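Data block below; observations after.
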Amino acid sequence: RLRRSDVRRLQKALEAERDRFISLIKSIEDGIFMTDNKNNLLLVNDSTLRILNITKSNVSFFDITNALPSTPGISSRINEVILNGKSQSEKAIKINDKIYDISISPATNNRASVVLHDISDHKKMESLKEDYMHIMVHELRAPLATIKDSAELIITSKDTLEEDKKLKFLEIIHQQSKKLLSQIGS
């Protein structure tokens with residue numbers, strides 16, 4: 001049987017663990033909040049409030065869901081996760097000037113946690129990579145077309161083309177090949 005002093009010591013230890021956990025959640029850059037099946041906001045970190053531009057101090061679940069862009073029925077999606085115990089996510093949701101992935105995960109006791117993960121830099125890099133690929137394709141297409149057209153002219157006109165013209169087209173093919181190799185090698 002537990003004595004009162006043991007119970008107090010256990011309560012203090014639990015409170016200390018809870019405080020450490022809350023400190024950890026509050027220090028994370030991603031937005032995180034937790035709710036239950038009655039739409040009570042159980043936990044929200046400062047990053048969530050910053051991401052959603054919420055400045056009031058006593059925040060409710062509905063303050064958060066109303067601040068999210070018209071994400072298809074986020075409240076009902078959260079409740080669905082609580083009911084069926086299966087995670088859901090929304091990819092590339094624009095919130096203010098940034099892009100976020102939203103993950104909704106079930107937690108114990110009819111609760112769910114929601115994470116707002118900023119993927120703006122990743123999306124920017126994808127866009128830059130795509131732009132770079134388009135530029136490279138364009139830069140490679142011109143020399144390849146010249147090589148193809150010159151070779152085609154030599155092949156189709158082999159009997160009628162003068163030697164000096166053949167030599168000129170072969171020089172063009174050689175120059176364009178060197179240009180391609182230098183573009184690929186740099």
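Numbering of residues begins at 1 and proceeds along the displayed sequence. Here the structure is a predicted model, which means the values were calculated and not measured.
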(request) Please check if atom CD in E126 has more than 12 non-hydrogen atoms from other residues, nucleotides or ligands closer than 6.0 Å. (result) yes
(message) Pairing donors with acceptors under 3.5 angstrom, does anything connect the side chains of D101 and H117?
(response) no
(request) Search all heavy atoms of I95 against all heavy atoms of P69 and return the closest pair with its distance. (result) CG1-CD, 3.6 Å
(request) Give a yes or no on whether L167 and F169 share a hydrophobic cluster (residues Ile, Leu, Val, Met, Phe, Trp, Tyr; joining criterion: side-chain heavy atoms under 4.5 Å apart). (result) no
(message) Donor-acceptor check, side chain of S105 to backbone of S87, threshold 3.5 angstrom: yes or no?
(response) no
(request) Would you mind checking if R50 and E29 are paired as a salt bridge, meaning a charged N to carboxylate O distance below 4.0 Å? (result) yes
(request) Mind checking the CG-OG spacing from N66 to S75? Nearest 0.5 Å is all I need. (result) 7.5 Å
(request) Take atom CE of M125 as the centre, draw a 6.0 Å sphere, and report whether it contains more than 12 heavy atoms from other residues, nucleotides or ligands. (result) no
(message) Is the shortest side-chain heavy-atom distance between I78 and N39 below 4.5 Å?
(response) no
(message) What's the separation between atom CD in E139 and atom CG in L180, rounded to the nearest 0.5 Å?
(response) 10.5 Å
(message) Given L68, which partner from the list I51, I102, V114 fulfils the side-chain contact (heavy atoms from CB on, under 4.5 Å) test?
(response) I102
(message) Given 3.5 Å as the limit, does a donor-acceptor pair link the side chain of T146 with the main chain of A142, or not?
(response) yes
(request) Over all heavy atoms of both residues, which pair between V81 and A112 is shortest? Give the atoms and the distance, please. (result) CG1-CB, 4.4 Å
(message) Check for me, please, whether L83 and M34 land in the same ILVMFWY cluster - side-chain distances under 4.5 Å, paths through other members count.
(response) no
(request) Report the distance from atom CG of L144 to atom CG of L140, rounding to the nearest 0.5 Å. (result) 6.5 Å
(message) With a 4.5 Å cut-off on side-chain heavy-atom distances among I, L, V, M, F, W and Y, is there a chain of contacts connecting V115 to I119?
(response) no
(message) Same cluster or not: L161 versus L170, using hydrophobic residues (I, L, V, M, F, W, Y) connected whenever any side-chain heavy atoms lie under 4.5 Å apart?
(response) yes
(message) Run the side chain to side chain donor-acceptor pair (under 3.5 Å) test against E17 and tell me which residues pass, sequence neighbours left out.
(response) R20
(request) For the pair N45 and T48, evaluate side-chain hydrogen bond (donor to acceptor under 3.5 Å, both in side chains) and give the outcome as yes or no after the intermediate values. (result) CA-CA 6 Å; N45 70 351; T48 301; 2.7 Å; yes
(message) Quick check: closest heavy atoms across K38 and D36, and the distance to 0.1 Å?
(response) N-OD1, 2.9 Å
(request) Tell me yes or no: between the side chains of D63 and S60, is some donor less than 3.5 Å from an acceptor? (result) yes
(message) Once rounded to the nearest 0.5 Å, what's the spacing between atom OG1 of T65 and atom CG of L52?
(response) 9.5 Å
(message) Quick check for you: to the nearest 0.5 Å, what is the distance between D149 atom CG and L153 atom CG?
(response) 8.5 Å
(message) Strictly below 4.0 Å, N to O, side chains only: are K166 and E163 in salt-bridge contact?
(response) yes
(request) Go through Q11 and V7 one step at a time and tell me if the side-chain contact (heavy atoms from CB on, under 4.5 Å) criterion holds. (result) CA-CA 6 Å; Q11 282 176 327; V7 171; 4.2 Å; yes
(request) Give the C-alpha distance, both sets of side-chain angles, the deciding distance and a yes or no for side-chain contact (heavy atoms from CB on, under 4.5 Å) between E130 and H134. (result) CA-CA 6 Å; E130 193 173 303; H134 287 297; 3.7 Å; yes
(request) Taking the side chain as every heavy atom from C-beta outward, state whether V59 and F33 have any atom pair closer than 4.5 Å. (result) no
(message) How long is the straight-line distance from CZ of F61 back to OG1 of T35, given to the nearest 0.5 Å?
(response) 4.5 Å
(request) Identify the heavy atoms of A92 and I99 that sit nearest to each other, and give their distance. (result) CA-CG2, 3.5 Å
